Protein chains: 2
Amino acid sequence: MPIPDHSALLKEHRLRSTQNSRAVLRLFTSAQRALSHGELSASLAPDVDRGTLYRILHRFESHGLVHRVPDDEVSVKFALCQHCSPQTHEDQHLHFKCQVCGHTHCLAQQSIPEISLPGGYQGQQTEVLLRGICPRCQVAD
Amino acid sequence: MPIPDHSALLKEHRLRSTQNSRAVLRLFTSAQRALSHGELSASLAPDVDRGTLYRILHRFESHGLVHRVPDDEVSVKFALCQHCSPQTHEDQHLHFKCQVCGHTHCLAQQSIPEISLPGGYQGQQTEVLLRGICPRCQVAD
DNA sequence: CTGTGTGCAAACACTTTGCAGGTGT
DNA sequence: ACACCTGCAAAGTGTTTGCACACAG
């Protein structure tokens, strides 16, 4: 994969290319996993204000650059959208959360199965969260 | 379904049957959906202390009476375990979150599909969150 | 009686927001 | 120039915890 042009990616999504937004985007592309506000903030502090970081994340989300990943912990996580253009927002997500290291990865390759719903329920989007142990943490056993 | 004997259910799970714990359990069984601390607290206030309610939820969770439901909002939700005994904790969950009313329901009838993981990943549990519109909110359209 | 559960209150963590000033286009 | 973005700081909301007392078994 070529080194992503963060500035161009931001512009594609109708976002301004600022020092902060590029820094946040850089963390997402290098981490390749879902990150919480706290994780991002720890990497960026004290350069980026907490409140500003929340606004950046919301902005990224509303412009289709990242999506929100439900988490069973206190805070929510965000992950870079992989197959979403600003126009066609991919709505099927598959995530793997390692019970050892706590990291959540997007598994873009796996396909999401069809699930039949009871009468009356109208499905729009399927989100799958697999829990288990990631390759790195199995080695550590 | 017979009226659940909350007191007995608590004892099965090695929990004491107190006024508070019965009240919380009553809310879960009557709501039949995932509830957040805030929702429970609103129904119980000012009878049950906030901190106590958090402890009750954690106690219920660790004793296999409720499970934690990942949510994409600020706070976490909890739902009554349906097919879990204190011994055999059922680890497959399917949830439906309505985008209109925001309620999350457990769909116990639907089966969880098998998902093949990339090499190195060891799966332990699958959680599925379907988003869409629930029967009640479709009628309201 | 003994261990568990509770209320109160303080502390901590997470998130949102108003405003004045700075920056990208 | 203008709209957008940022830092600061305050406030709002969610969560945890210590302690003394109350209650269930």
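Below, read A as the first sequence line, B as the second, and so on, with proteins coming before strands; counting in each chain starts at 1. Keep in mind the model is a prediction, meaning the values are calculated, not measured.
Spacing between atom CZ of A/Arg22 and atom C1' of D/dC5 amounts to 12 Å, rounded to whole angstrom units. At whole-Å resolution of the value, CG in A/Leu53 and P in D/dC8 are 14 Å apart. Rounded to an integer number of Å, the gap from CG of B/Asp47 to P of D/dC23 is 15 Å. A straight line from CG of B/Asp71 to P of D/dG14 spans 12 Å, rounded to a whole angstrom. As rounded to whole Å, 12 Å separates atom C1' of D/dG14 from atom CZ of B/Arg68. Put simply, CD on B/Glu73 is 15 Å from C1' on C/dC14, counting in whole angstrom units. Rounded to an integer number of Å, the gap from B/Phe78 CZ to D/dG14 P is 13 Å. To the nearest angstrom, C1' of D/dG7 lies 11 Å from CD1 of A/Ile56.
Nearer the 5' end of DNA chain D, as judged by each residue's closest nucleotide, is the contact made by B/Val74, out of B/Val74 and B/Lys11. Annotation: of the two residues near DNA chain C, B/Arg50 and B/Ser21, the 5′-most nearest-nucleotide partner is B/Ser21.
Residue B/Ser36 places none of its side-chain N or O atoms closer than 4.0 Å to OP1 or OP2 of D/dG14. Residue A/Asn20 has a polar side-chain atom (N or O) positioned under 4.0 Å from OP1 or OP2 of D/dG7. The phosphate of D/dT16 (OP1 or OP2) has a side-chain N or O of B/His58 nearer than 4.0 angstrom. Residue A/Arg59 places at least one side-chain N or O closer than 4.0 Å to OP1 or OP2 of D/dT6. For D/dA24, neither phosphate oxygen OP1 nor OP2 lies less than 4.0 angstrom from any side-chain nitrogen or oxygen of B/Ser17. In this structure, B/Tyr54 does not reach the D/dT16 phosphate: none of its side-chain N or O atoms is under 4.0 Å from OP1 or OP2.
Ring centers of B/His95 and B/His105: at least 6.0 Å apart, outside the cut-off. Aromatic ring centroids of A/Phe78 and A/Phe60 lie 6.0 Å or more apart.
The environment of B/Arg131 atom CZ is dense: over 12 non-hydrogen atoms of other residues, nucleotides or ligands sit within 6.0 angstrom.
Residues A/Val69 and A/Leu53 fall into different hydrophobic clusters, defined by Ile, Leu, Val, Met, Phe, Trp and Tyr side chains chained together at heavy-atom separations under 4.5 Å.
Salt bridge A/Glu73/A/Lys97: present, at least one basic N to carboxylate O contact under 4.0 Å. The pair A/Asp72-B/Arg68 does not meet the salt-bridge criterion, since no charged nitrogen lies less than 4.0 angstrom from a carboxylate oxygen.
Among the nucleotides C/dC8, C/dG5, C/dT15, the one closest to any side-chain atom of B/Asp49 is C/dC8. Checked against C/dT23, D/dT6, C/dA9, the side chain of A/Arg16 finds its nearest nucleotide in C/dT23. Considering only the side chain of A/His37, C/dT15 comes nearest among C/dG24, C/dT15, C/dT16.
A donor and an acceptor atom sit less than 3.5 Å apart, one in the side chain of A/Thr52 and one in the base of D/dG7. Side-chain to base pairing of B/Arg55 with D/dG18: one donor and one acceptor N or O lie within less than 3.5 Å of each other.
Among the protein residues, B/Gly38 comes within range of no part of the nucleic acid, since none of its heavy atoms lies under 4.0 Å from any strand.
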